[in-house]
Amino acid sequence: MDIRDDANSQHRAPLDWTAIRARLENERGPRYWRSLEQLADEPAFAEFVETEFPSVAPQMDRRRFLQVMGASLAMAGLAGCSKPEKGVPYVRQPEKLIPGEAQWYASSVAFAGYAQPVLGRTHVGRPTKLEGNPQHPLSGGASTAIIQAMILQLYDPDRSQVPRFKGVDTTWDSFQHEASGAAERLDHQRGRGLHLLLGASSSPTLQRQLGDLLQRWPEARLYRFEPFEGDGYRAAERAFGRPLETHYRFDAAEWVLSFEHDWLGTGPRELPHAVRWGERKRAAAKGEGEARLLIVESVPTLTGARASERKRIEPDELPRYLQALAAALGEGRGPGEPLPAERQRWIEAVARGLEARRGRCLITAGERTPLDVQAAVHRLNARLSNVGHTLDYSEPVLWLEAGGQRLAELPALVEAMHAGQVETLLMLDCNPVNTAPADLAFAEALDRVPLRIHAGLYYDETAAFSHWHLPLTHDLDGWHDGRAADGSVCLGQPLVRTFYSSRTLSEILALLQGNLDPSGRAELRKTWQSLDESAWRQALERGFLSDSELPPVKVDARPLAWGAPPAAAEGLSLRFLPDPCVWDGRLANLGWLQELPKPITKLTWDNVIGVAPKLAEEQRLSNGDVVRVTLGQQVIVGPVWIMPGHAERTLSLYAGYGRTRAGRVGDDQGYDIAPLRTADEPWLRRGATLERTGEYLPLATTQPQHIPHGKQIIRSEPRETAYRKVAAEPTYPAEPRKMLYPPTPPSEPVWGMTIDLDQCIGCNACVVACQAENNVPVVGKEQVAIGRNMHWLRVDHYYQGDPAEPESSAFQPVPCMHCEQAPCEVGCPVNATVHGPDGLNEQIYNRCIGTRTCSSYCPYKVRRFNWFDWTGDDEPSIQHQRNPNVTVRSRGVMEKCTYCVQRISEAGIAARIEDRPVADGEVQTACQQACPTQAIVFGDLSDPVARVREGRDTQRHYALLEEVGTRPKTTYLGLVELPKVVEDNS
């Protein structure tokens with residue numbers, strides 16, 4: 001079923017921009033707003049918000065209503081899941097495996113080449129949840145949305161399960177026969193004709209194996225291709241004469257100035273960046289310096305949303321801003337074309353602030369910005385004495401050479417294929433047919449290769465163009481290693497026996513060289529043979545090798561050298577970006593990430609073409625209007641989305657969609673950006689045109705859903721008063737005043753939660769962690785569009801100010817408030833929602849008859865009704881991923897956040913056995929444990945020294961919709977406002 005069928009009936013007229021400007025000028029609109037329709041005060045939008053259940057509003061007929069989109073998919077074909085024979089548990093190996101008692105194993109998963117250290121929770125040998133490794137210095141136990149979703153990928157039934165030859169299932173023995181013949185031929189030719197293409201990797205074992213391969217076949221050639229890695233190594237080579245890794249220490253940087261750098265957003269290094277920035281923010285809250293983030297960017301990002309000040313620019317203006325900053329810091333003469341006077345004053349004020357904080361500030365540039373810009377940033381950081389304090393350099397984490405051979409880039413491989421030099425091409429863990437820029441015509445060049453071998457997790461677009469496809473083992477059921485962002489070596493051990501007839505990358509390389517019975521563990525052990533058995537076991541228990549970080553290297557930045565400015569081009573600029581949820585498409589088949597609202601737009605299940613409000617007004621565009629973007633002879637067609645703060649003459653295009661062989665979840669979603677990308681200009685192109693097609697695509701977004709009506713939904717306080725002490729609010733042990741509600745019995749402990757909005761970066765790690773922990777189903781695009789998404793926790797995104805360039809943004813996680821005076825409890829006719837003995841607002845599923853009265857009474861709209869039985873038809877294999885300690889809900893019941901009551905019970909049982917109270921911090925909710933900035937804190941409100949009480953006696957503590965008298969136990973700490981930079985230094 002395609003929701004395009006109702007496109008004409010759902011199309012809306014363009015926004016009334018005159019009304020929006022009038023409300024802003026007269027200050028009649030809300031201070032913080034979530035939707036442009038809300039800001040315009042459209043009657044249709046008001047009607048939508050006032051509708052108690054938007055999902056049953058007259059948006060579809062009875063036939064449409066009864067159709068169900070099975071997005072959650074039955075996962076089938078799972079092989080035996082049992083405890084690995086040689087796995088080493090995180091703490092100790094139990095003598096017996098106790099049903100109901102979770103066991104933890106340290107491991108790692110790779111993302112774009114970088115290892116992400118994790119702990120895997122298993123129940124009776126079944127992996128059910130991932131957490132960050134608390135012993136690893138870069139994670140501290142936190143994680144990201146993508147790390148959380150990797151457990152779902154392990155169980156994905158669309159993963160490749162057996163080898164294939166020309167699309168037909170075969171065996172590893174058949175491939176071994178082919179490999180033996182190829183090896184004999186290569187021995188005679190010294191490897192001539194063998195070419196290997198790899199995705200980014202930091203694995204020491206793979207690097208060693210490729211070195212061994214080149215010793216045997218010295219004329220073989222190696223290439224690497226990572227679609228959105230950026231040019232960071234090339235920029236360091238320009239600045240220092242050699243490629244280096246840049247390590248940012250945001251915890252030590254009181255001022256951070258970023259240029260087109262979304263370092264808080266999705267990426268392989270987002271976790272350490274977010275963790276360290278969270279540390280800096282907490283230190284600043286205690287009076288230990290500042291935590292000011294300034295950003296200059298063209299497309300709205302998470303980093304820009306959480307910046308103290310954000311300056312919107314067009315992409316081609318970026319070098320001018322760097323030249324102006326360099327001149328203000330005493331490097332160079334400034335840009336040939338001066339900046340506008342207001343921006344020049346701002347740059348000069350920023351330069352004075354940076355100079356005043358030498359060694360305590362930091363300048364960053366995105367790795368997809370021009371090389372001159374990145375090299376200039378390296379030079380300026382050295383000038384400000386930041387090297388060794390707020391950033392360091394080391395040898396590259398991702399290896400760029402093996403066996404003395406530098407890995408070439410993708411265009412060189414295409415050239416070799418056209419020249420007939422490639423007889424055998426081995427493509428390892430990459431999908432260039434889908435992700436390569438269109439001008440390379442990779443699929444056409446691939447047809448010229450006599451023998452094509454692909455190894456990957458999925459039978460994807462590249463596999464379909466290959467003779468042989470070899471299924472890769474997932475990181476969670478195979479042995480592997482890799483380096484984390486700091487260069488430390490992380491070891492990956494299987495949490496479960498290998499599900500399918502698959503091999504790890506190290507096993508495939510060993511197989512190619514004649515090893516008839518390759519072992520991933522043996523190859524790993526060979527790499528680390530210097531460790532004795534005791535040290536090896538300890539490393540597996542920890543999940544990483546101690547003191548294995550790459551050491552800092554001394555650098556000497558070269559003087560600035562600016563290239564010629566880009567030639568002026570008519571038309572629009574195009575920015576090419578990875579999707580914040582599915583990245584370059586490698587995660588497209590994961591329903592958790594497809595349904596996860598994207599941090600800025602809150603869109604699900606689609607990619608869009610981002611446009612500025614001014615451009616939308618000029619061309620009379622509405623969200624969902626399908627447009628045609630043309631550049632030269634290349635065209636793409638997709639829906640637009642109006643993004644506040646977007647550069648006016650720029651379009652943002654997001655990768656990861658338009659897949660044809662992603663799997664049942666990811667196929668045929670969105671549009672493909674590849675036709676407009678080129679190898680020479682992979683990040684930015686100029687001279688495009690935009691035109692409407694007259695079509696409309698309804699998009700599923702959660703941004704206008706569940707907008708609460710109340711005073712000061714988002715609160716902020718100036719830094720001078722934010723931490724001022726006030727009378728602490730009672731912890732609700734008894735009734736403080738007369739109420740119409742029945743008396744609430746006192747409870748101990750008093751479980752509660754505090755969410756610090758100044759710490760929250762909107763990364764969505766908490767949402768996916770909650771989904772994984774509590775067996776929350778995926779419902780599909782159509783159901784999300786009509787307000788039926790099942791997430792127990794939502795993260796609302798608010799703007800402040802003019803949509804053209806908002807003054808600030810805020811993110812607000814909203815779980816169940818667990819009110820002391822809960823309207824849901826009063827309204828339920830069957831007593832299915834009650835106050836439990838722990839003071840929690842409990843939901844008893846087998847009492848619920850689905851009247852939805854509790855949701856109608858709830859002012860926070862945090863309850864979810866299970867309209868359909870999303871799990872009833874699941875095959876038994878899907879149950880392997882579920883948490884056995886959480887009920888799997890059926891159709892017709894209300895669901896909501898439970899404060900992870902199963903974790904509370906587990907800690908309580910352990911405390912009773914040991915005859916002690918539950919210690920502060922012993923219970924962590926899934927959202928709290930995943931949060932990289934520690935914005936969410938849970939604990940006992942009756943404990944005066946508990947962490948959850950911190951900040952509750954300050955000016956910025958408040959309860960959401962406290963005027964309705966529900967007395968929630970989930971409360972907030974408001975934003976901290978910093979003075980403007982120009983005001984600080986005028």
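Bear in mind that the values here come from a model prediction, so they are computed numbers and not experimental data.
Within a 6.0 Å sphere centred on CD of E415, heavy atoms belonging to other residues, nucleotides or ligands number 12 at most. Counting non-hydrogen atoms of neighbouring residues, nucleotides and ligands closer than 6.0 angstrom, the CZ atom of R558 exceeds 12 such neighbours. The number of heavy atoms from other shown groups lying within 6.0 Å of NE2 (H177) does not exceed 12. Atom CG of D532 has more than 12 neighbouring heavy atoms from other residues, nucleotides or ligands inside a 6.0 Å radius. Within 6.0 Å of the CG atom in D517, the count of heavy atoms belonging to other residues, nucleotides or ligands does not exceed 12.
Between F165 and W468, the ring-plane angle classifies as tilted under the 30° and 60° cut-offs.
Of the N and O atoms on the side chains of H480 and S203, not one donor lies less than 3.5 Å from an acceptor on the other residue. Judged purely by distance below 3.5 Å, without hydrogens or angles, the side chains of T364 and H261 pair a donor atom with an acceptor atom. For the residue pair Y458 and N431, no side-chain donor N or O sits within less than 3.5 Å of a side-chain acceptor on the partner. For the residue pair S488/D486, the side-chain donor-acceptor check at 3.5 Å is satisfied.
Between R483 and E395 there is no salt bridge, since no side-chain nitrogen of the basic residue lies less than 4.0 Å from a carboxylate oxygen of the acidic one. The pair E533-R525 counts as a salt bridge, with a side-chain nitrogen and a carboxylate oxygen less than 4.0 angstrom apart. R159 has a carboxylate O that lies under 4.0 Å from a charged side-chain N of D477, or vice versa, which qualifies the two as a salt bridge. Ion pairing between R586 and E226 holds under the 4.0 Å rule for side-chain N and carboxylate O. The pair R192-E423 does not meet the salt-bridge criterion, since no charged nitrogen lies less than 4.0 angstrom from a carboxylate oxygen. With respect to D667 and R659, no salt bridge is recorded, no charged nitrogen being found less than 4.0 Å from a carboxylate O. A salt bridge does not link D212 to R216: none of the charged nitrogens lies less than 4.0 Å from a carboxylate oxygen.
The two residues P268 and F111 have their closest heavy-atom pair at CB-O, 3.3 Å. In this structure, R677 and T435 approach most closely via the heavy-atom pair NH1-O, 3.9 Å.
Here F576 and F228 keep their ring centres 6.0 angstrom or further from each other. The aromatic ring centres of Y248 and W263 sit 6.0 Å or more apart.
The side-chain tip of R164 points at the ring of Y459 from less than 6.0 angstrom away and within 45° of straight on.
With a 4.5 Å cut-off on side-chain heavy atoms, M150 and L154 do not count as touching. The shortest distance between side-chain heavy atoms of W399 and L407 falls below 4.5 Å.
With L197 as the fixed residue, the side chain to side chain contact (heavy atoms under 4.5 Å, CB included) test singles out one of D429, V422, L410: L410.
In this structure, the separation between CG on L119 and CG on L130 is 9.0 Å, given to the nearest 0.5 Å.
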One pair to check against side-chain hydrogen bond (donor to acceptor under 3.5 Å, both in side chains): W172 and S501. What are the steps and the verdict?
CA-CA 8 Å; W172 284 99; S501 180; 3.1 Å; yes
